[in-house]
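Counting starts at 1 for both ligands and their atoms, in listed order.
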Amino acid sequence: MHQFDLLLDKLTLERKVLLLTGADEWSTHPDPDIGLRSMVLSDGPSGIRGVTWDERDPAVNLPSATALAATWDVTTAYAYGAVLAAEARRKGAHVVLGPTINLHRSPLGGRHFEAFSEDPLLTADLAAAYVRGVQSGGVAATPKHYVGNDFETERFTANVSVSERALRELYLAAFEKAVVESRAWAVMSAYNAVNGATMTENPLLAEPLCGEWGFDGVVVSDWWAARTTVPAALARQDLVMPGPDGPWGEALVAAVRDGRVPESAVDEKVLRLLLLAARVGALADRPPVPATTTTTAEDGAALARRVAADGMVLVRNDGELPWAAPGPRSAAVIGHNALQIRTQGGGSATVTPPYVVSPLDGLRAALPDAEITWTLGAVTQAGIAALPIARLTDPVSGEPGVRARFLADSGHELLSENRRSSDLARLGGSRPAGTGCVEVSTRYQVREPGTVRLGVAGAGRATLTVDGARVLERELVHEGEVFGGGLVSPPHASVPVELAAGEVELTARLDGVPQGDGLTLTLGEDPAAEETDAIEAAVAAARRAEVAVIVVGTSPEIEREAADRATLALPGAQDALVRAVAAANPRTVVVVNAGAPVLMPWRNEVAAVLLGWFGGQEFGAALADVLMGTAEPGGRLPTTWPATEADVPVLATAPVDGVVAYDEDIHIGYRAWLRAGAEPAYPFGHGLGYTSWELSGLTATPDGVSVTVRNTGGRAGKQVVQVYLSRESSAVDRPERWLAGYAVVRAGAGRAERVTISLPRRAFQHWDQGWKTEPGEFTVHAGFSVTDLPFAARISAP
Ligand code: BGC
């Protein structure tokens with residue numbers, strides 16, 4: 001008898017079915033009669049937002065997944081998961097909606113920042129460690145989105161056409177360890193279809209997930225992904241999110257009553273939900289699974305800083321970095337992102353950090369005696385940027401921030417409150433039912449008189465008044481998918497306004513706001529106006545300073561859920577900015593603040609290039625650590641970095657007639673680059689660090705590789721030893737070589753370490769209606785990137 005059968009017996013069909021759809025957007029239904037409490041699910045995957053999008057309820061904002069992946073360090077991924085679990089507990093969440101472990105099939109993928117790598121082994125290892133970390137805190141992890149959600153265009157309907165072999169060797173392999181080894185307690189089914197069946201109804205839920213892999217947890221639908229009553233109920237889909245409405249409810253009760261769905265299917269789903277509840281401590285009389293971790297979670301901010309530095313990839317260094325102590329006497333810090341650093345990508349992954357250390361803040365703190373200037377250089381953001389909180393006063397309470405008023409269509413005031421941001425994403429937690437109009441007003445301290453473009457972002461009839469005079473009135477209509485898209489890239493309008501120094505009263509208002517999700521109101525500046533002469537000003541600043549640090553990048557509007565990127569190029573005039581500054585100051589360091597590859601046509605014209613990803617709330621502090629050399633830029637590329645778009649072997653993400661054909665089969669990422677003979681800007685696995693390394697004494701057997709790794713430089717450092725396999729004259733189509741194992745080595749100056757990297761059997765196998773090992777010899781290669789492999793040895797197939 002199943003351990004929860006007695007509880008199940010107490011439930012009527014109606015009550016059972018009720019449990020299988022969310023109670024609201026983020027939680028499940030309780031059933032006090034059987035001691036079942038409500039469970040809260042929270043995004044994820046790089047911070048725990050909780051049940052509201054509200055700046056008054058901040059969350060630790062860890063670096064995004066590409067930064068974590070660039071550490072190549074499973075110990076760090078575990079620690080990252082443990083911090084998320086601690087955050088989840090703090091926020092009352094039982095289930096973390098992460099990790100995102102779709103693969104980097106195309107660098108244009110909108111959620112590339114949120115996923116780990118183009119390589120299934122590296123992804124699988126990091127995901128498994130993340131899951132272990134989260135669940136060590138008694139909180140469920142939810143690997144997502146199962147499976148084939150490697151792009152965003154037409155994501156609700158696109159059908160991925162993919163071979164069984166590519167599924168097994170790449171896309172499913174990315175999930176397998178998290179389920180089989182780390183025993184994930186939940187998995188999220190994706191929006192898209194694979195080979196003709198939408199994922200909430202797809203046979204891949206049964207096999208391999210539940211059968212072969214033994215998954216005993218809950219399959220949670222992606223939000224609104226479950227669309228049918230009978231096929232989804234007959235599939236191994238357990239929980240429909242969000243609620244309270246959805247395709248199940250009364251319709252499922254009726255389907256059971258008239259025999260279209262066996263009641264046993266409902267029972268099994270409920271039993272799995274009860275098991276999840278028991279695991280996360282939401283079932284009375286059953287304590288939560290004890291935390292298996294022996295250490296308590298690291299401080300979130302400290303981890304954020306450590307991951308940001310350890311994931312930073314130094315791809316070019318012309319002797320510039322690290323800066324010799326005591327550091328430069330003057331620095332020109334340049335770039336929109338240097339001030340407004342992008343710590344995370346857009347969409348459901350977004351959390352509100354308690355604070356953000358910008359590169360400018362980080363450098364000023366690290367070099368207190370240096371003369372440090374900031375100039376804009378070029379604009380990154382499209383849309384309206386929030387006004388700086390330090391210059392806003394709530395006109396009603398006199399507190400910092402703004403006054404937010406929520407009004408009914410009748411004009412009746414439903415709520416008036418102080419808020420600490422002029423960017424109310426989703427209007428936060430307190431939007432009352434029946435809100436038809438939202439208004440934000442503030443007294444804004446103008447520092448420098450002149451013309452600025454003030455604007456409003458959000459959907460509805462927008463008005464903006466300045467000292468009581470209406471300067472803008474516009475109907476703003478969101479086009480495209482609201483959820484995700486409407487939130488991070490809402491429609492906006494702006495007007496030039498002449499402001500005198502001193503205080504000015506601003507009011508932004510949206511009438512006729514849409515009901516439901518995706519609702520946002522931002523009052524702020526449209527930075528596009530600031531571009532005139534910005535490059536000249538940056539060049540002048542760079543000329544006067546000892547060093548120039550340019551932070552280029554993208555933004556959460558560009559790298560986000562619900563849309564793929566249109567281009568890999570940096571937005572705006574950033575390329576021209578870098579070239580102009582580099583020509584003015586030979587000591588120009590470029591920091592790339594993007595979650596995914598961007599083109600860097602100037603990369604060989606600057607002194608150093610650091611890839612910083614979406615580095616989380618401590619980004620600026622970590623950057624200063626790396627520039628000053630108190631931390632090593634420990635990152636190695638988890639994904640190939642292209643030089644031009646034309647070279648990218650797998651680029652297109654848009655479905656053709658509703659189908660995304662994965663025609664390249666098993667050849668994505670570096671495998672595709674090798675096959676095409678194309679040369680990227682920087683290969684998979686590449687990264688320089690601050691010291692030098694030597695490998696020697698390689699011995700190899702089918703079980704593993706041992707090698708001596710010596711730090712031949714003058715300072716301690718980190719290296720990632722990578723092992724690839726290849727196979728000559730194979731009867732099977734194979735990548736030229738593929739990652740089979742790796743080890744993170746940290747060693748002091750002059751020190752050597754003998755490392756052993758085990759080779760899993762799977763590394764030798766290919767899928768052909770089952771896992772097969774081709775007999776004969778394989779070659780094992782060891783080195784520091786997929787194209788820097790000085791060592792090779794022959795071994796027999798195990
Ligand atoms: C995303 C998921 C996310 C969910 C809840 C969806 O749109 O695809 O990753 O967990 O929303 O926010």
key: Residue part near ligand 1, for Arg111, under 4.0 Å between non-hydrogen atoms   = side chain
key: Proximity to ligand 1 by part of Arg155, non-hydrogen separation under 4.0 Å   = side chain
task = Enumerate the atoms of ligand 1 whose separation from the nearest heavy atom of Ser348 is less than 4.0 angstrom.
result = 1 (C), 2 (C), 3 (C), 9 (O), 12 (O)
query = Which of the atoms of ligand 1 are close to Trp26, meaning less than 4.0 Å from one of its heavy atoms?
reply = 5 (C), 12 (O)
ask   = Relative to the heavy atoms of His145, which atoms of ligand 1 are at a distance of less than 4.0 Å?
value = 2 (C), 8 (O), 9 (O)
task = Say whether Ser348 and Arg111, considering side chains only, have a donor N or O and an acceptor N or O under 3.5 Å apart.
result = yes
remark   = Applying side-chain contact (heavy atoms from CB on, under 4.5 Å) to Pro208 and not counting sequence neighbours gives Tyr146, Arg168, Leu172, Leu204, Glu212, Trp213
query = Any N/O of Glu561 closer than 3.5 Å to an N/O of ligand 1?
reply = yes
message = Under a 4.0 angstrom heavy-atom cut-off, which atoms of ligand 1 come close to Leu97?
response = 10 (O)
key: Polar contact flag for Trp223 and ligand 1 (N/O pairs, less than 3.5 Å)   = no
inquiry  = Quick one about Gln344 and Ser46 (side-chain donor to acceptor, distance below 3.5 Å, no hydrogens or angles considered), yes or no?
reply    = no
Residue-ligand contact Phe156/ligand 1, heavy atom below 4.0 Å = no
key: Over 12 non-hydrogen atoms of neighbours within 6.0 angstrom of CD in Glu250   = no
CZ-NE2 distance between Arg155 and His145, expressed to the nearest 0.5 angstrom = 7.5 Å
query = Where does the angle between the aromatic ring planes of Tyr191 and Phe156 fall among parallel (under 30°), tilted (30 to 60°) and perpendicular (over 60°)?
reply = tilted
message = Using a 3.5 Å cut-off on N or O atoms only, is Arg49 in polar contact with ligand 1?
response = no
task = Examine the side chains of Ser182 and Gln135 and answer whether a donor and an acceptor come within less than 3.5 Å of each other.
result = no
ask   = Would you call the rings of Phe116 and Tyr130 parallel, tilted or perpendicular if under 30° counts as parallel and over 60° as perpendicular?
value = perpendicular
ask   = In terms of atom number and element, which parts of ligand 1 are under 4.0 angstrom from non-hydrogen atoms of Asp222?
value = 1 (C), 2 (C), 3 (C), 4 (C), 6 (C), 7 (O), 8 (O), 11 (O)
Note: Arg105-Glu664 ion pair, threshold 4.0 Å (strictly below) = yes
ask   = Counting only heavy atoms, which portion of Lys144 has something under 4.0 Å from ligand 1: side chain, backbone, both, or neither?
value = side chain
inquiry  = What I want to know is whether Asp43 and ligand 1 share at least one N or O pair that is separated by under 3.5 angstrom.
reply    = yes
ask   = For ligand 1, does Trp224 get within less than 4.0 Å through its side chain, its backbone, both, or neither, judged by non-hydrogen atoms?
value = neither
ask   = Looking at ligand 1, does Met188 have a heavy atom less than 4.0 Å from it?
value = yes
message = Taking Glu152 first and then Arg560, would you say they form a salt bridge - that is, a charged N and a carboxylate O separated by under 4.0 Å?
response = no
